[in-house]
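To start, the structure itself, in structure tokens.
Whatever order the structure lists ligands and atoms in, that order sets their numbers, starting from 1.
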Amino acid sequence: MRTGEAPVTRIDDRSVDERIPITLLTGFLGAGKTTLVNRLLSAPDAGKIAVIVNEFGEIGIDGDLIARANEDMLELTNGCICCAAQGDLMDGLNRLFLRKTTGIADPSPLARLFYTDMKLDLTFRLDAVLTVVDLKHVIGQIARSPEAEKQIAIADKLIFNKRDLVDDAEFADAVAAVERLNPFSVKEVTTHGALPIDRLLDLDLFEPKRRDDMVGAWIGADQPASASGEAGDHAHDDHVHTPGVGAVCLQSREPLEWNALLRFFLDLAQEKGENLFRVKGMVHFQNVEKPVIFQGVQATFSPPTYAESWPRGEVETRIVVIGRDLDAAEMQARFAACIARRETVLDRGLGAI
Ligand SMILES: Nc1nc2c(ncn2[C@@H]2O[C@H](COP(=O)(O)OP(=O)(O)OP(=O)(O)O)[C@@H](O)[C@H]2O)c(=O)[nH]1
């Protein structure tokens, strides 16, 4: 959905999603992306993976660094996934790993493509945006680079790398600095990108549809409330005015009204523009039993889908908004206006007459 367009609700049949999963790997210069990809490709259970190393039109400077450890590995050094999808290149391929060469690249245009390019959407699904974080240097990178902030803000999973280079105090400071930008994403801590394949691929964290067990993690519902920087029902004073990049979590146990929430997001997308990075929501709508997954990257929203069940069985709307200079108090006030008005006994009685 682009700003101004109404989304179409669709119900997914998860059992028949045979699209090729794409993992988008991003992270600042030298964070450890190549190291991680090398490890991944050497894993005996890696299967057939294509690695697209570059952004469009760039020279493949990293190509030689990626060890051809596995004969099933396919590397597209100047690849465009749209073109690749048309050839036999993709035959038998079961995974595609997209590795951004440039450490300062913004991953959001590509993520948005999955909402807007229907041809791409037929063949591929974006599994997750993984952002590698250099624990040693991330605080300086956040201070100097808006792109570094954005890469962290948009991540579905943050991979804190180079644990060997920081002591416990530096580690805690770095994690705190990153969590201020994106408190809700799933996290891993590692050295030299040494993570098992099942913690990197097939996570279903970008737009959870296939794995209900990931929905709670996707929306940060598995994390303690004190770490979440919530607005909504439980606003914390220290998160009400967050300059720079930050997250606001809106929550409500009362059901919401569809049109009002839609208006809320259309207005937010219009007002914030480029400064709105990511929206992830699991919404309890009036007269709808199942949770509705509602999410977007910048002003582009995906069609809402249903999840099968509520995390921990708790029926509660939880929407995470990540962006720059968000006014949590104002957002909370507007969000409160989206709560559906209760039908009173009298109203129902009158309706029956
Ligand atoms: N000590 C230590 N060094 C690491 C770790 N991970 C990666 N490195 C080193 O950090 C340097 C950069 O790693 P790369 O994997 O090339 O990083 P990258 O993100 O691909 O770098 P760019 O392509 O420049 O963006 C290399 O010298 C790696 O060997 C780690 O966990 N600990």
Side-chain angles (χ1 to χ4, degrees), residues 22-43 46 49-70 73-79 81 95-111 128-179 181-182 185-197 199-201:
I22 293 190
T23 302
L24 177 55
L25 182 69
T26 185
F28 209 71
L29 287 165
K33 301 178 290 294
T34 310
T35 308
L36 183 143
V37 170
N38 266 321
R39 282 206 175 246
L40 180 76
L41 294 172
S42 333
I49 298 180
V51 181
I52 295 185
V53 179
N54 303 305
E55 296 195 78
F56 307 101
E58 288 180 1
I59 311 286
I61 47 166
D62 274 37
D64 293 339
L65 288 177
I66 296 180
R68 285 150 185 84
N70 181 331
M73 198 272 277
L74 172 69
E75 182 188 326
L76 315 174
T77 47
N78 195 9
I81 39 177
R95 287 181 186 123
L96 190 65
F97 205 82
L98 219 55
R99 148 75 161 85
K100 309 286 282 189
T101 300
T102 48
I104 54 166
D106 174 3
S108 53
L110 204 129
V129 178
L130 309 184
T131 301
V132 183
V133 172
D134 180 336
L135 280 163
K136 185 74 184 168
H137 300 109
V138 70
I139 292 179
Q141 290 162 356
I142 289 172
R144 287 190 305 274
S145 163
E147 287 83 7
E149 284 185 308
K150 200 165 176 183
Q151 288 172 345
I152 291 167
I154 205 171
D156 295 311
K157 186 170 216 178
L158 289 162
I159 298 168
F160 290 101
N161 191 38
K162 306 197 183 181
R163 179 64 181 91
D164 59 320
L165 296 184
V166 289
D167 62 26
D168 288 351
E170 287 173 308
F171 173 71
D173 288 348
V175 170
V178 169
E179 287 192 334
L181 308 181
N182 185 349
S185 83
V186 185
K187 293 164 187 83
E188 300 280 2
V189 180
T190 186
T191 293
H192 292 293
L195 288 168
I197 197 163
R199 306 260 282 276
L200 298 169
L201 301 180

Does Asp164 approach ligand 1 within less than 4.0 angstrom via side chain, backbone, both or neither, non-hydrogen atoms only?
side chain
Give a yes/no on ligand 1: does Gly27 have at least one heavy atom closer than 4.0 angstrom to it?
no
Of Thr26, Val37, Asn161, which is the lone residue that meets side-chain contact (heavy atoms from CB on, under 4.5 Å) with Val132?
Asn161
Identify the two heavy atoms, one from Leu200 and one from Ile159, that lie closest to each other, and give their separation to 0.1 Å.
CD2-CD1, 3.7 Å
Over all atoms of both residues, closest heavy-atom pair of Ala155 and Asn182
O-ND2, 3.1 Å
Polar contacts were defined as any N/O atom of the residue lying under 3.5 Å from an N/O atom of the ligand; does this apply to Asn161 and ligand 1?
yes
Option from Thr35, Asp134, Thr191 for which side chain to side chain donor-acceptor pair (under 3.5 Å) with Lys162 holds
Asp134
Ligand-side contact atoms (ligand 1) for residue partner Leu165, heavy atom cut-off under 4.0 Å
1 (N)
Would you check whether Gly193 has a nitrogen or oxygen atom less than 3.5 angstrom from a nitrogen or oxygen atom of ligand 1?
no
Quick one: does Lys162 get an N or O within less than 3.5 Å of an N or O on ligand 1?
yes
Between Leu36 and ligand 1, is there a nitrogen or oxygen pair with a distance under 3.5 Å?
no
Does an N or O anywhere in Arg163 fall below 3.5 Å from an N or O of ligand 1?
no
